[in-house]
Each structure stands twice: as C-alpha cells, then as structure tokens.
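Report on the following structure.
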Amino acid sequence: MSSGQVHRAPIALLILIVSVSGELPVHESVSSRTFTITNHCGHTVWPGILSSSGSPALETTGFALEPGQSRSLPAPHGWSGRLWGRTHCAADATGKFSCVTGNCGSGHLECAGHGAKPPATLAEFTFDGHGGLDFYDVSLVDGYNLPMLVEPRHSHGAAAGPNCVVTGCVMDLNAACPAELRVAGSSEGGGRAVACRSACEAFGSAEHCCHGEHGNPNTCWPTAYSQFFKKSCPRAYSYAYDDATSTFTCAGGGASYAITFCPSTTSVKSVGTDAVSVGGGRAGSTSWRVAPRLGSCLVLVGVVIAAIARLF
C-alpha cells in the first residue's frame with residue numbers, strides 16, 4: 001500500500017468496465033466483463049486506476065465524472081489492480097494537474113502507473129485468481145476520502161450469485177473523523193474535513209502500521225482508530241490483517257462490477273444488502289454486523305484467547 005503499511009497480497013485492483021453516460025464517449029467492449037463507475041456525489045470525482053505489475057492494462061488510468069455521470073470500462077480476464085476517487089482537482093498555471101485527496105502525482109489527468117496518495121478509499125480486485133475466483137475488497141487501511149460501494153453483477157446487469165457480496169463504505173466518515181486523523185480542506189471551503197487519515201499515516205508507529213515486532217497477525221491487533229473505521233463500515237478493511245471479514249470472492253469468471261461513489265442508502269437496499277453492514281448506520285456505532293465468512297468465528301475466538309492470555 002502507498003502508506004508503506006503491511007497489507008495482505010494486494011487483493012486490490014479493479015476491473016472496470018464502463019458504459020458511458022453523459023458527455024463521455026462510449027467504448028465498445030471486447031470483454032465479457034465490465035467496470036461501471038458512477039458518481040452520485042454532489043461534486044466532480046476524478047477516478048484513478050492502477051493495474052498491478054504484469055496485469056493487462058485498462059483503457060484509461062484516470063478521467064473525470066461529473067455528478068450523476070457514469071462510465072463503463074472493459075475489464076480483461078486476469079486483471080488485477082485498484083481504483084479510487086480523487087477530489088478537489090485542478091490544473092495550475094503551468095498545466096500541472098493535482099488533487100487535494102487521492103492525488104496520484106502524475107501531473108496529468110491520467111495516473112499513468114502512479115497510485116493514490118493516502119488517505120483514499122480503495123477498491124481492490126484480482127480477477128480469475130485461486131480456484132478461478134475473483135477476489136475483491138474495499139480498503140480503508142490507507143485512510144478514507146469518499147463513500148464507495150462495490151456491487152458484483154452478471155454481464156447482463158442482474159445481481160450476481162448469493163456468494164458475491166456487495167461491499168464498501170457508504171458512510172461519510174470525514175465529518176466523524178477523529179480530530180487527530182482529520183485532513184482539512186482549504187479555507188475557501190470553510191476548512192471542513194475532506195479526508196480521514198489512517199493511524200499508520202498519522203503516527204507512523206509499528207503498532208499502527210503492523211511493522212517490526214507487530215508485523216504479523218499474532219502481534220498486530222485492531223486499535224481504537226482501526227475500530228472506528230470497522231464499526232462505521234464493517235465490511236471494509238480497517239487494518240492490515242482484517243481479511244476474515246473484509247475480503248470477498250465471486251465465482252463464475254464472468255462477473256462485472258459496479259463501483260459507485262457516494263451511494264445512497266436507498267440504492268444499497270435496492271441490491272438486497274443491509275445498509276448497516278456497509279456503513280449505512282451511525283459512525284462508530286457498536287450495532288454493526290458483517291456477512292458470515294468462513295473462518296471469521298475462528299479468528300474471533302483466537303482474538304479472545306490471546307486477549308485473555310495477556311492478562312496472565
């Protein structure tokens with residue numbers, strides 16, 4: 001991850017396939033898969049895309065989406081990478097393009113092989129992985145800047161199978177972000193929070209970054225800060241070893257994925273997902289639950305046993 005924090009093998013990476021609406025041109029898809037990226041925010045979002053090393057490239061690495069606009073991108077089989085949204089972007093007098101959040105540092109609209117500067121909400125994908133499965137997640141390990149929802153779909157647009165779980169973080173965490181993690185915008189914008197840093201980025205300690213003696217799942221534990229993200233958005237990654245409740249798989253080899261920035265609670269319910277599980281409740285609320293996942297109970301038991309052992 002760009003923060004340097006230890007993270008499981010990047011299950012990140014995307015497969016966008018875009019059918020363009022609004023003013024963006026429509027591209028013919030030569031793949032049975034598609035990434036459909038939609039902006040439901042009240043402001044422009046500039047999606048950025050980074051393909052993994054050795055992965056086939058998508059047709060673009062960055063573009064703009066006005067409010068209400070969407071774009072579809074063909075996604076090649078075997079693709080792996082990540083996608084995120086950039087905000088508050090502009091070009092300076094020399095033409096150099098940059099963004100306040102999610103900036104990829106290329107100096108241009110296209111990210112061209114550059115990743116997101118934290119904090120940024122990440123959608124991560126690996127297509128046709130082990131057992132022919134797609135692996136995907138939404139990660140807040142590098143912090144948060146925008147609400148995001150990832151919805152697996154069949155190529156004809158219907159919802160994917162029952163094991164293809166909708167995931168994401170639909171809550172606006174910027175307003176609820178702890179003061180020590182908050183990234184403030186410009187004074188022209190009232191100085192309101194525009195992003196929420198991870199504790200690793202904010203403090204750089206081994207405990208928060210899962211480095212050094214904390215560099216394995218037996219010694220890297222959730223902190224109060226990662227629990228803020230987890231309780232707010234239970235299905236999203238909150239720290240490096242949060243795999244059991246945050247990595248999802250989808251079988252079939254032909255699933256497409258809808259990625260939505262600033263989804264509404266109504267839209268979440270329309271795809272048959274409990275809004276609370278993707279952050280549709282109260283920030284930091286303790287009344288959250290996640291989709292049942294194989295191994296999650298064992299992880300919880302291990303955490304409890306280890307915690308008890310520390311007392312003796």
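When reading the values below, keep in mind they use all heavy atoms of this one structure, side chains included, and skip hydrogens, waters and symmetry mates. In this chain, residues are counted from 1 in sequence order.
Residues passing the side chain to side chain donor-acceptor pair (under 3.5 Å) test with S205, sequence neighbours excluded: H208. Evaluation of the side chain to side chain donor-acceptor pair (under 3.5 Å) rule for T87 yields T101 as partners, not counting sequence neighbours. Remark: C111 engages T61, W84, R86, C104 in a side-chain contact (heavy atoms from CB on, under 4.5 Å) (not counting sequence neighbours). Partners of T60 under the side chain to side chain donor-acceptor pair (under 3.5 Å) rule, at least two apart in sequence or in another chain, are E110. Annotation: side chain to side chain donor-acceptor pair (under 3.5 Å) contacts of E180 (sequence neighbours excluded): Y225. Every residue meeting the side-chain contact (heavy atoms from CB on, under 4.5 Å) condition with V183, not counting sequence neighbours, appears here in chain and number order: P119, V194, A195, R197.
No salt bridge links D137 with R82; every basic N to acidic carboxylate O contact stays at or beyond 4.0 Å. Of the charged side-chain nitrogens involved, at least one lies within less than 4.0 Å of a carboxylate oxygen, so that R33 and D128 count as a salt-bridged pair.
Distance alone, capped at 3.5 Å, places no donor-acceptor pair between the N103 side chain and the S98 backbone. No side-chain donor-acceptor contact under 3.5 Å links T126 to the backbone of G129. A donor-acceptor pair under 3.5 Å is absent between the side-chain atoms of D242 and the main chain of S246, judged by distance alone. Within the 3.5 Å criterion, the main-chain N or O of V165 finds a donor-acceptor partner in the side chain of Y136.
A donor-acceptor contact closer than 3.5 angstrom links the side chains of Y237 and T247. Between the side chains of S238 and K231, no donor-acceptor pair of N or O atoms lies under 3.5 Å. Between the side chains of S55 and S80, no donor N or O sits under 3.5 Å from an acceptor N or O.
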Item to check | C169 and C233: CA distance, side-chain angles, deciding distance, disulfide (SG to SG under 2.5 Å) verdict | outcome: CA-CA 5 Å; C169 182; C233 298; 1.9 Å; yes
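A disulfide is assigned to C262 and C41, since their SG atoms are nearer than 2.5 Å.
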